[in-house]
Each structure stands twice: as C-alpha cells, then as structure tokens.
> 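Please read through the structure below; I'll follow up with questions.
For clarity, every value in this text was computed on a predicted model and none was experimentally measured. Sequence lines set the chain letters: A, B, ... in the order given, protein chains first and strands last, and positions in each chain run from 1.
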Amino acid sequence: MRTSWADSVAKSASETVVSNNNSVPRPTRSTYVPPHLRSSAAADAPTPAGTPTERPSFNGNTGGSRWGGSGGTRPESGRQGQGNGYAAAGRDVGANDRNNRSGGWDSREREVNSFVNDDKVYDMKQGFSEQENTGINFDAYDDIPVEISGENVPSPVNTFAEIDLGETMNQNIRRCKYVKPTPVQRYAIPIALAGRDLMACAQTGSGKTAAFCFPIISGIMRDQYVQRQRGGRTVYPLGLILSPTRELSCQIHDEAKKFSYQTGVKVVVAYGGAPINQQLRELERGVDILVATPGRLVDLLERARVSLQAIRYLALDEADRMLDMGFEPQIKKIVEQMDMPNRSVRQTMLFSATFPREIQRLASDFLSNYIFLAVGRVGSSTDLIVQRVEFVPESDKRSHLMDLLHAQRENGEHGKLQALTLVFMETKKGADSLEHWLCINGFPSTTIHGDRSQQERELALRSFKSGKIPILVATDVAARGLDIPHVTHVVNFDLPNDIDDYVHRIGRTGRAGKTGLATAFFNESNMTLARPLAELMQEANQEVPAWLTHYASQAPYGSNKNRRSGGHFGGCDFRREESFGKNLDYYGEEIVVLHSEFLPITVECMLLVSQVHGIRSSLSTGLFFTCFSGMYIYIYSIGFPRLFYVFTFSIRF
DNA sequence: AAAAAAG
C-alpha cells in the first residue's frame with residue numbers, strides 16, 4: 001500500500017483523534033423508534049405541507065400512518081439488543097408488522113448521536129473561532145436571484161416553521177444550527193413536499209443536501225404503511241440518493257443521518273473501494289434511504305441484495321456529472337432498466353450547481369411534469385469568491401505555487417486559523433508528484449485521486465479537513481460537492497477543459513456564505529477556456545486581466561460545451577428555449593431547427609447516406625432526437641442555416 | 001485526454 005510521508009504524519013495524529021471521535025460506541029443496530037412515536041404516533045406524525053402527492057398511494061393502502069396504529073407497536077421492549085425479534089434481519093413479517101425496516105425498541109441512547117462527532121471535531125480544531133462554527137452566514141443569501149418554471153409551482157416559504165416537518169425533525173434542524181432556510185431550501189422543500197419532480201440548479205454549500213433530504217425523510221415518516229415483501233436477503237429501500245464520488249456519498253450519508261436522528265428512518269451508505277460485507281450487513285439491518293455510488297449499487301442489484309421496487313424517492317446529486325458520458329449508461333441502467341418504479345410513480349429530484357442543456361435533455365427522461373429551479377450561485381459568481389487568473393507557463397507552475405504558499409504563510413492572513421489550500425491538478429500522476437515535491441519543500445500536503453485506495457483517500461480527506469495537513473492536492477474527484485469548511489484558497493494549478501468544472505472546483509471555497517480565494521494558472525494550453533473564463537469572471541464582477549480579455553476576443557466561439565447560459569445561474573430551463581419541442585417532439589415534422597449551441601460543427605460529418613430509418617440516440621453533445629429518413633433538417637452550427645437531407649443518422653462518440 | 005465508478 002502506497003502511503004505518502006504526509007499521510008504517515010497524519011495517521012499518527014488522526015488516529016488519536018479518530019478514537020476520540022468514536023468514543024460513543026456504535027450500537028449493533030441503529031434504527032430506532034422514539035418513544036413518542038411508539039403508541040399514539042398518529043397525533044405526532046408530521047403534517048405534510050402543501051397538497052399531497054398526486055401519485056397513486058403506494059399500495060392503495062390507506063391504513064393510517066406508518067408510525068400510527070397499534071399493529072406492531074409495543075410499549076416496551078421485552079428483549080435487549082440482538083435478541084430483539086423485531087430487529088432480526090430474517091424474521092417473519094407478520095400481518096401486523098407495519099415496519100419491517102425499523103429496528104427495535106431500544107432506549108433512545110442506542111442510536112448514535114450524529115451530532116456528537118461535530119462537537120468533538122470542533123473542539124479539536126482549537127484554531128477555529130466560535131463564531132465560525134455557528135452555521136451559515138445568512139446575510140450572504142439576501143437578494144439571490146431565483147428562476148423558477150413549471151406548472152403550478154408551490155409557493156416558497158420563509159421559515160422552517162412554515163414547513164413544519166414534525167417535532168423530531170424540527171429539533172434536528174435546530175441541532176444543525178439552521179436558523180432559516182437557504183434560498184434553495186425555501187423553494188425546493190415545498191416543491192418536494194408537494195410530491196413534485198424537481199430539477200434544481202444550486203451551488204453545493206447552499207444547503208442542497210438538506211433541500212432533498214428533509215422532504216424524503218419526512219415523506220417516509222408520513223407515508224402510509226406499506227406491507228413489504230422480503231425475498232431472502234433482499235432489502236427494499238424507499239429512497240435512493242446517488243452521487244458521483246464515494247466521498248460525496250459519505251458526506252450525504254453523514255448529513256442525512258443528522259437530519260433523520262431519532263425519526264426511525266434508517267439511512268445506509270454503499271460505495272466502492274470499501275469491503276462489501278460490512279455494507280451488506282448494514283443493509284440487512286434495514287434501510288429506508290440508500291445513499292450510493294453507481295458502481296456499487298449496480299453490484300448490489302446484480303447480487304439481488306437490493307431491490308429498487310419500493311423506491312418512491314430518487315435524488316441525483318451532482319446530476320450533470322451523473323449524466324455525462326462516463327456515468328450516463330450506468331445511471332440509465334439503474335433508473336430505467338432495473339426494477340425501479342417508473343417516473344410517474346416515484347418522485348425524482350435532480351440537483352447540481354450547473355445544468356448544461358444537453359444534460360437537461362437527458363435528465364428530462366427521468367422526470368415527469370417537473371419544476372425547474374435555479375438559484376443564483378451563492379459563492380461562485382458572487383463577491384464571496386475572489387477569482388484571480390495568472391499567466392503561468394507550464395514550467396513555472398511549481399515555483400509560482402511555492403511563492404503563493406510562502407506569501408500565504410507569511411501574511412498569516414487568517415490569523416491563527418488554519419488556512420486550508422486545495423490544489424487541483426489534471427492528472428493523478430501529476431497530483432502525486434506535486435504532493436511529494438511540496439512535502440520535501442517544507443509544505444506538508446496530501447493527495448486525493450482515483451488511484452489511491454479508499455482508505456488512503458479517506459485519510460487524506462480527514463487530515464485535510466481537520467487542518468492537520470493544510471494542503472490537499474486533488475484531481476477532479478474532489479471537484480464536486482465536497483463540503484470542506486475553512487478552505488480559504490483553491491488553486492487551479494491545471495485548469496479544467498470545461499468551464500463548468502471550473503465552477504465546481506472554485507465552489508470548494510466560499511462555502512456557507514464565507515469568503516474565499518480562487519487562483520488559476522493559465523497558459524497556452526488553456527486557450528479554449530479563455531472566452532468562457534473571461535465571461536464568467538466578468539459576470540461575477542471579477543477583475544479580468546487585459547491579456548485574458550485579449551485571448552478571449554481572439555478565441556473562436558467555442559462549441560456549446562464551453563459556453564454558459566443563464567446569466568448568473570448554473571443554467572436555465574431548456575424547455576423555455578424556443579426550439580424546445582421542435583427538437584424533442586417533432587415526429588411527423590419534416591424540418592428540424594437546431595441551434596448552433598446544440599451541435600458542434602462536426603455534426604455535418606455525422607449525416608451519412610443510408611436507407612435505414614432514423615434512429616433515436618444521442619450525439620456526443622448529449623443531444624437527443626429522433627430522426628426519420630427523408631427528413632429535412634436545418635443546422636445552424638456553421639453560422640448560417642444549411643439544409644440537409646437525412647438518410648440516416650450516424651452517431652459518433 | 002483525464003477522471004470517476006465494481007473487483
């Protein structure tokens with residue numbers, strides 16, 4: 001096993017920390033039904049805000065709240081621990097057993113207090129001031145622009161009190177120190193509680209995770225009891241949350257556990273790189289909400305250890321990544337080719353900071369009559385992140401970085417606070433080599449990328465988060481969604497090729513309403529990024545260096561891929577494009593109008609002669625459309641409309 | 001072209 005110098009330093013340090021954190025022993029079983037919900041729970045069941053879902057109730061069963069009624073509830077536990085027949089994985093499901101996922105009737109203390117860890121971590125980081133830990137800077141969220149579209153949009157709320165999720169969850173919200181909902185929560189939660197599908201564009205760190213977790217948890221609590229079949233060791237989660245990286249799944253799981261503390265809703269995480277047996281055991285103990293990465297989930301589905309038959313809530317985090325070329329087949333398989341209820345039965349929510357419209361097109365297959373929500377990007381295109389671009393030739397990058405780090409160290413800009421610096425590199429090898437170089441030059445650092453073992457990845461992240469190692473060199477595995485407080489500086493040592501990736505990367509700082517700095521090293525190899533980067537910075541009222549403006553003006557209008565739309569949003573509802581409909585539903589029409597942004601110029605080469613009927617598939621841009629032989633189409637990609645006669649459509653990837 | 005995700 002490869003272990004870097006920095007990690008071994010961190011290991012000795014973090015091991016003590018870890019043992020401290022885990023001083024609360026993990027119970028053998030963590031699901032739990034709180035006392036106040038055991039007998040007369042109907043009265044305590046949270047009242048759903050907004051109108052109930054239009055979807056058919058799951059089993060047509062109207063037999064009261066899952067938590068209500070007397071069937072299956074017992075005032076006290078006759079047995080302890082594993083001996084509790086109600087919690088045993090393979091027990092019979094009696095007619096009165098209304099909840100075969102919920103655990104036993106242990107005392108309240110049996111559930112791990114998800115909030116304990118937080119405090120310990122905070123104690124450990126003595127450098128962090130009190131004030132910095134008190135949640136989110138809400139002033140930073142005033143006057144955030146919001147775009148919303150769709151039919152019958154539920155009204156937003158202004159306070160958590162308006163979306164009363166029940167006493168247990170309200171208490172958890174208070175424990176999380178959430179004072180009032182963030183903009184994305186204000187809009188998304190009522191939409192989700194009303195049972196509507198949702199496509200939401202909002203920066204992570206703006207409260208996205210809570211925005212989809214609260215409704216799912218409260219939905220599961222409120223849903224009528226469903227008699228569930230058990231096939232051998234197969235488990236049937238009700239909610240599924242997918243994310244593109246293992247670390248992000250862990251993070252969502254941690255948060256979801258806080259939100260569901262003492263609600264009886266069991267959240268389990270499954271991801272690759274970790275021993276599957278432990279995850280299987282965890283699943284066997286019961287699962288209501290499964291948080292997973294796609295690969296491991298497919299594995300579990302193929303082993304028939306998990307069935308998606310009972311899924312009523314599906315959430316994709318970082319949905320644009322999940323639907324890009326690398327992931328899309330796996331996601332399609334999970335959502336459309338396994339046993340998941342179709343989109344009119346389940347409720348589907350997609351979240352991301354950016355939503356290119358090709359991705360929206362793909363995503364719309366998963367959604368039914370959805371609402372599109374875009375909340376201005378907190379922290380990336382606002383004043384919260386200061387963006388700098390410097391022209392640095394490839395060969396000077398290391399010494400330039402060294403200069404920055406030295407300056408940072410000397411200025412002590414952040415007082416005694418540990419300033420965390422996140423450095424993004426293009427390749428895994430590059431990350432390793434830079435980390436080594438930094439370490440031998442007096443800057444303790446560590447690295448996270450896909451070639452490291454999961455253990456190493458998690459250790460690296462922990463060491464960085466805790467401030468033990470203040471520099472993390474990362475590939476794009478860390479670009480999305482990770483919430484690492486106190487990252488004050490993001491360095492794009494290598495710029496990404498896609499402007500959206502840049503947006504995600506710099507979003508690792510300026511979290512939760514705090515300010516941050518993002519520095520990018522730009523050189524000849526980044527020319528395709530010149531224009532979109534200059535535009536983005538302009539939009540964000542950042543100082544654009546004259547040389548960048550110059551390069552941007554010389555750059556050709558890139559293909560759609562690098563062009564942003566929607567102003568200060570990560571995207572706008574593609575259904576509002578004038579060409580919508582013509583592109584999607586024109587069976588029987590002969591003329592198709594395609595905007596340049598949808599197609600790269602190479603589309604010309606994709607139209608080939610053949611006698612076969614048109615086929616439905618996607619271009620490399622992710623564009624979907626159906627084409628029939630004999631159809632005429634206009635293509636606007638070359639600056640002026642040109643008419644093509646289609647014999648067939650050839651797909652290139 | 002690279003990275004991520006299963007082992």
> What contact category does A/R457 fall into here, base, sugar-phosphate, or nothing, at under 4.0 angstrom with non-hydrogen atoms?
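The residue A/R457 makes sugar-phosphate contact but no base contact.
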> I'd like to know if A/D254 pairs up with A/K258 as an ion pair, taking the criterion as any Lys NZ or Arg NE/NH1/NH2 lying under 4.0 Å from an Asp or Glu carboxylate oxygen.
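Between A/K258 and A/D254 there is no salt bridge, as every charged N stays at least 4.0 Å from the carboxylate O atoms.
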> Would you mind telling me which of B/dA5, B/dA6, B/dA2 lies closest to the side-chain atoms of A/E426?
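Selected nucleotide: B/dA2.
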> What is the distance from CE of A/M425 to C1' of B/dA4, rounded to the nearest Å?
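Atom-to-atom, A/M425 to B/dA4, this comes out as 17 Å.
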> B/dA2 P sits how many Å from A/D451 CG, rounded?
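These atoms are roughly 12 Å apart.
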> Would you say that more than 12 heavy atoms from the other residues, nucleotides or ligands in this model lie under 6.0 Å from the CD of A/Q337, or not?
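Enclosed: over 12 neighbouring heavy atoms sit under 6.0 Å from CD of A/Q337.
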> Could you please name the option among B/dA2, B/dA6, B/dA4 that lies closest to any side-chain atom of A/R246?
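Looking only at side-chain atoms, A/R246 lies closest to B/dA6.
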> Which nucleotide, B/dA5, B/dA6, B/dA2, lies nearest any side-chain atom of A/T427?
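Output: B/dA2.
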> Between the side chains of A/R346 and A/D197, is the shortest nitrogen-to-carboxylate-oxygen separation below 4.0 Å, so that they form an ion pair?
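No salt bridge links A/D197 with A/R346.
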> Checking A/D365 against A/K332 for the salt bridge (charged side-chain N to carboxylate O under 4.0 Å, His left out) test, could you report, in this order, the C-alpha distance in whole Å, the side-chain angles of both residues, the deciding distance, and whether it holds?
CA-CA 10 Å; A/D365 279 358; A/K332 273 197 123 51; 3.8 Å; yes
> Using a cut-off of 4.0 Å on non-hydrogen atoms, how would the nucleic acid contact of A/G326 be classed: base, sugar-phosphate, or nothing?
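If one applies the 4.0 Å heavy-atom cut-off, A/G326 turns out to touch a base.
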> Is A/T293 close enough to B/dA6 that one of its side-chain N or O atoms is under 4.0 Å from OP1 or OP2 there?
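Yes, because at least one side-chain N or O of A/T293 sits under 4.0 Å from OP1 or OP2 of B/dA6.
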> Can you tell me the distance, in whole Å, between the CG atom of A/D324 and the C1' atom of B/dA3?
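Interatomic distance, CG of A/D324 to C1' of B/dA3: 10 Å.
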> Can you measure A/K428 atom NZ to B/dA4 atom P for me and round it to whole angstrom units?
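From A/K428 NZ to B/dA4 P: 5 Å.
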> Among B/dA3, B/dA6, B/dA1, which is the nearest nucleotide to the side chain of A/N497?
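It is B/dA1.
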> Rounded to the Å, how far apart are A/Q454 CD and B/dA6 C1'?
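Result: 12 Å.
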> Using whole Å, report how far CG of A/D317 lies from C1' of B/dA5.
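Interatomic distance, CG of A/D317 to C1' of B/dA5: 16 Å.
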> Return the value, rounded to whole Å, for the distance between atom NZ of A/K429 and atom C1' of B/dA4.
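The distance from NZ of A/K429 to C1' of B/dA4 comes to 19 Å, rounded to the nearest Å.
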> Assess the pair A/F259 and A/F214: is the distance between their ring centroids shorter than 6.0 Å?
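Judged by ring-centre distance (under 6.0 Å), A/F259 and A/F214 do meet the cut-off.
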> In whole angstrom, give the distance that lies between atom CZ of A/R452 and atom P of B/dA4.
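For the pair A/R452 CZ and B/dA4 P, the rounded distance is 12 Å.
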